[in-house]
There are 2 protein chains.
Amino acid sequence: MPASTLIAFEARKTPVQERAAATVQAIFEATIQVLLSHGADRLTTTRVAERAGVSVGTLYQYYPNKQALLFAAFDKHMEEVCARIEIVCDGACRKPLGEMIAQVVEAYVDAKVGRADISVALYHVAAEVGGPAVIKRTTQRLRKALEAMLETAPNLKVPPDKFAVEVMLAAISGAMRSALEAGASPAMMRKLREHLVLLCQSYMAAVTAAQA
Amino acid sequence: MPASTLIAFEARKTPVQERAAATVQAIFEATIQVLLSHGADRLTTTRVAERAGVSVGTLYQYYPNKQALLFAAFDKHMEEVCARIEIVCDGACRKPLGEMIAQVVEAYVDAKVGRADISVALYHVAAEVGGPAVIKRTTQRLRKALEAMLETAPNLKVPPDKFAVEVMLAAISGAMRSALEAGASPAMMRKLREHLVLLCQSYMAAVTAAQA
DNA sequence: ACCTGAACACCGTTCAAGT
DNA sequence: ACCTGAACACCGTTCAAGT
């Protein structure tokens, strides 16, 4: 996506002194706290500033607007999920295709379920906050990690193409979103985890068979 | 979901005279028009009222709040998608499993792509408007239609269970959301349509094999 | 360089008054 | 029964003044 899509959410000013860096961090954490305690609708810039122990004016010195606050929280969450999956991809090189897929899917589900409350809160604000752009970027990054892993799969002449990997990622995240927003129980989540593994494995098998 | 989740979005008052019914309809249509022309962020109750040719007060006589306006639009859209798929399910009875799946997936993709602009606009407001509840209800309704169809599949001792059908629906809608929000081209959409058919077919095949 | 908070603009919602 | 629009409350954002 064009840089301009994101620039409106970027920090307005970079802190140069230490107390300023602490302020920025405090505001960031306050955002997540207010998001979780009051919910997205009742998240107010004044309330966040209050919680962070600064005035609204200070908040606006570092975040250009309310969206930027939530964007930062969303971006960080996606970054964490990404990082976990990249590690798994690294560790699953040269294993059989089915196991690769299982590990990635399980890592994704676990990362989301482990942060279920934040995930749900962020789904709620994603749209107003440039969520699609972040998701697009995240998808590209995950696709690359998956492709690097899939390259090393034994018994696989041609690895699945870009498109198939993206479809798989969208299917996983869509199903997870649905379950998390519906407030699925831990038992449900375990079952969903198994089913998503099966779904992705059979899709990947079908795609690679079709390509051969 | 509990009725109370939805009740806040229901009409405050039912029109009894004809001009009132016309007013309600005008407000509903104005909502969609403003949504498409100005975007979700710049949709204002005053603007909707203006476009509908009434005053804000009148708007609030029939819709309890801004969310209710958007809820109505979202609900109607889902209703249309549902209806189209139910018809397809009806027509695909007794056909082979693979074809059933293909027809349903294609109907879903076509319904969404045919209304791409509205879909994207509604994704943007879904969260603030009780979207998850509507989606949950829609999923139940579609699941029933799919189950009725799957019952009639030849060469299938045990049809896929509830859970698998719901996972499949969530995967489809998640992948479509991702593509629509990313502004995928018509060519991309055609390719995605084929891939989703393959994904769902192979998942259903795997699930029914595992159950046997 | 960083912080404050009163002031401004805008928008969702209401309600007394009209037909 | 239905409609109007000025008035109110609240919230995002700014900016002149402070340390």
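The chains referred to below are lettered A, B, ... by the order of the sequence lines, with proteins before strands, and numbering in each begins at 1.
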> Cation over ring, A/K191 on B/F163, under 6.0 Å and within 45°?
Replying inline: yes

> Is it true that A/E194 and A/R190 have a side-chain N and a carboxylate O under 4.0 angstrom from each other?
Replying inline: no

> Roughly, in whole Å, what's the span from CG in B/L69 to C1' in C/dC11?
Replying inline: 14 Å

> Whom does C/dT4 pair with, Watson-Crick or G-U wobble, provided both distances fall under 3.5 Å?
Replying inline: D/dA16

> Once you round it to whole Å, what is the distance between C1' of D/dC11 and OH of A/Y63?
Replying inline: 20 Å

>> Would you say B/T45 places a side-chain N or O within less than 4.0 Å of OP1 or OP2 belonging to C/dG12?
In response: yes

>> Under 4.0 Å between a side-chain nitrogen and a carboxylate oxygen: does that hold for A/E181 and B/K136?
In response: no

> With nearest nucleotides of DNA chain C determined for B/R19 and B/K66 from heavy-atom distances, which residue corresponds to the more 5′ nucleotide?
Replying inline: B/K66

> Is there a side-chain contact between A/M176 and A/V113, using heavy atoms and a 4.5 Å cut-off?
Replying inline: yes

>> Pairing check on C/dA9: which nucleotide meets the Watson-Crick or G-U wobble criteria with it, both distances under 3.5 Å?
In response: none

> A/S178 side chain to A/G174 main-chain N or O, any donor-acceptor pair under 3.5 Å?
Replying inline: no

>> Between P on D/dC3 and CD on B/E50, what's the gap in Å once rounded to a whole number?
In response: 17 Å

>> Is A/T23 close enough to C/dC2 that one of its side-chain N or O atoms is under 4.0 Å from OP1 or OP2 there?
In response: no

>> Reading DNA chain D from 5' onward, which residue's closest nucleotide shows up sooner: A/G57 or A/L43?
In response: A/L43

> What is the distance from CZ of B/R42 to P of C/dG12, rounded to the nearest Å?
Replying inline: 13 Å

>> Measure CG/B/D41 against P/C/dC10 and give the value in whole Å, please.
In response: 16 Å

> Starting at CZ of B/F71 and ending at P of C/dG12, how long is that distance when rounded to a whole Å?
Replying inline: 19 Å

> From C/dA6, C/dC2, C/dT14, pick the nucleotide closest to the side chain of A/Q61?
Replying inline: C/dC2

>> Let's see if you can work this out: which of C/dG5, C/dT13, C/dC2 has an atom nearest to the side-chain heavy atoms of B/N65?
In response: C/dT13

> Among C/dG12, D/dC11, D/dT13, which nucleotide sits nearest the side chain of A/T44?
Replying inline: D/dC11

> What is the distance from CG of A/L59 to C1' of C/dG5, rounded to the nearest Å?
Replying inline: 14 Å

> For the side chain of B/V54, counting heavy atoms from C-beta on, which of C/dT4, D/dT4, D/dT13 is nearest?
Replying inline: D/dT4

>> Measure CD/B/E128 against C1'/C/dG12 and give the value in whole Å, please.
In response: 14 Å

> Which nucleotide in the set D/dT14, D/dC2, C/dT13 lies at the smallest distance from any side-chain heavy atom of A/Y60?
Replying inline: D/dT14

>> Tell me whether the side-chain N/O atoms of A/T58 come closer than 4.0 Å to OP1 or OP2 in C/dT4.
In response: yes

> Looking only at heavy atoms, what is the nearest atom pair of B/T138 and B/M78, with distance?
Replying inline: OG1-CB, 3.8 Å

> For the side chain of A/V56, counting heavy atoms from C-beta on, which of C/dG5, D/dG5, C/dC2 is nearest?
Replying inline: C/dG5

